[in-house]
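Source: prediction; values computed, not measured.
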Amino acid sequence: MTDASRPLEDFLAASEQQEPGESLRALVAQGLDQLPLPGQGQTLARWRALAAVAAHNLSLVKLFEGHTDALAILAELGAQAPAAARTWAVWGAEPPANRVQATLAKPSDGLASGSEVLLSGTKAWCSGARSVDQALVTAWLSDTERCLVAVNLHQPEVQVGHSGWEAVGMAASASVDVRFENASATLVGEPGAYLSRPGFQHGGAGIAACWYGASARIAGQLRQACRNKAEPHALAHLGAVDIALSTTAALLRATAAQIDTQPELPWTQDVNRCRLAAEAAAQQVLQHVPRALGPGPFCKDRSLALLLADLPIFIRQCHAERDLAALGQAIAEQENKTPWKL
């Protein structure tokens, strides 16, 4: 299996001081965004690459994951990326107060992938809005029919705001509001295809790989401290962290193998389990590592301090008890199966 993370790690080591948007453009320019597509036999290599970027900077991986996810979505839905596009984002958040409406530019043409539409409304949580050229945006054709569109952000009908993000954590991801006023866009896939495709679930496990990568980097600081001085309480913290991370790594490896074996299946339950395990592992790392090390490493190592501030915000993409309840319901509804049999 090709390790797509090795050249990424070399690049990241040499670009420590770059802003996330600048780093994303450099990664794309060097072709380091061309990760294996999910379900094509190297899903684990894809996730390892995402984990490597996350270990470096979570705001950067927020942009990088969105860009590489957009490329995977376009490939899965059979859409052609515009030749002029360099950097992408995927903006799919749907808070009740922010809904983007799509109307056919030429109603006589009918609805089909590639149809031209006009976008109006405000999209929230638009990560990297000031750094990317194109975005895949979820919009509504009616009260019940959702679609995915590709929109060029370099047009006057697209207005990138300065509000919508007040958190200190993940601040560099610049997840602001974007206003569309009859902006030109193109339908990607058939209406509803964005959510119904198997890759929607597969991509969710890629987010879990990001959480895992950052958690492992923070935990690595504790491991190094224990190698330098075997203090008993720190070793106990390291043992607790190892259990959480090792369990998550095993789930990610197993799920990647399942996706590669049958990519036509969404593997919803397995992906949900990966996400919940990665979120729980992150919580364990955030609890144990600072208690073991004290404030010193987090006050003197800026990149580590950023991870510690960013990770609690990033893992809130997990829907907490709602995701746990969904997993529990799936387990309860299984027929003629013993879910925990060895």
For [X], is the [atom1] atom crowded, meaning more than 12 foreign heavy atoms sit under 6.0 Å from it?
X	atom1	value
H233	NE2	no
R316	CZ	yes
E264	CD	yes

>> For V158 and Q155: C-alpha separation, side-chain torsions, deciding distance, then whether side-chain contact (heavy atoms from CB on, under 4.5 Å) applies.
In response: CA-CA 6 Å; V158 178; Q155 53 179 303; 3.5 Å; yes
For [X] and [Y], which I'm curious about, is there any donor-acceptor pair between the side chains at under 3.5 Å?
X	Y	value
E279	Q317	no
T138	R146	no
Q329	E333	yes
N98	T122	no
D301	S303	yes
S173	S59	no
T255	D270	no

To the nearest 0.5 Å, tell me how far [X] [atom1] sits from [Y] [atom2].
X	Y	atom1	atom2	answer
T103	L119	OG1	CG	8.0 Å
L293	E231	CG	CD	10.0 Å
W267	T43	CH2	OG1	12.0 Å

So, [X] side chain and [Y] main chain: donor-acceptor pair closer than 3.5 Å or not?
X	Y	result
S113	G189	yes
D133	T87	yes
D69	E65	no
N228	Q224	yes
T248	A277	yes
R291	A234	no
D310	G169	no
H67	A89	no
E19	G21	no
W140	A102	no

State, to 0.1 Å, how close [X] and [Y] come at their nearest heavy-atom pair, and which atoms those are.
X	Y	result
A282	L311	CB-CD2, 4.0 Å
V176	R130	CG1-NH2, 3.8 Å
H202	W47	O-CZ2, 3.9 Å
A185	V151	CB-CB, 4.0 Å
S215	W211	OG-O, 2.8 Å
A193	L77	CB-CD2, 3.9 Å

> After noting the C-alpha distance and the side-chain angles of W88 and V132, does the key distance pass the side-chain contact (heavy atoms from CB on, under 4.5 Å) rule?
Replying inline: CA-CA 5 Å; W88 286 84; V132 297; 5.9 Å; no
Do [X] and [Y] have side chains that get closer than 4.5 Å, going by heavy atoms?
X	Y	value
D260	L44	no
L276	C318	yes
L195	Q201	no
L148	V137	no
E157	F180	no

Quick check on the hydrophobic clustering: are [X] and [Y] connected, directly or via other members, by side-chain heavy-atom contacts under 4.5 Å?
X	Y	value
L238	V289	yes
L58	W125	yes
L327	L251	no
V160	M170	yes
V61	L304	yes

>> Holding to salt bridge (Lys or Arg N to Asp or Glu O under 4.0 Å), I want the full list of residues that pass it with E94, two or more places apart in sequence or in another chain.
In response: K123
> Excluding sequence neighbours, so at least two apart, what forms salt bridge (Lys or Arg N to Asp or Glu O under 4.0 Å) with R217?
Replying inline: none
> Which is it for S184 and N152 under the side-chain contact (heavy atoms from CB on, under 4.5 Å) test, yes or no, and what are the steps along the way?
Replying inline: CA-CA 8 Å; S184 297; N152 183 344; over 6 Å; no
>> Suppose the criterion is salt bridge (Lys or Arg N to Asp or Glu O under 4.0 Å): which pairs have a residue in residues 187-205, not counting sequence neighbours?
In response: E76-R197
> Checking side-chain contact (heavy atoms from CB on, under 4.5 Å) for the pair L63/S127: CA distance, chi angles, key distance, verdict?
Replying inline: CA-CA 7 Å; L63 306 190; S127 297; 4.3 Å; yes
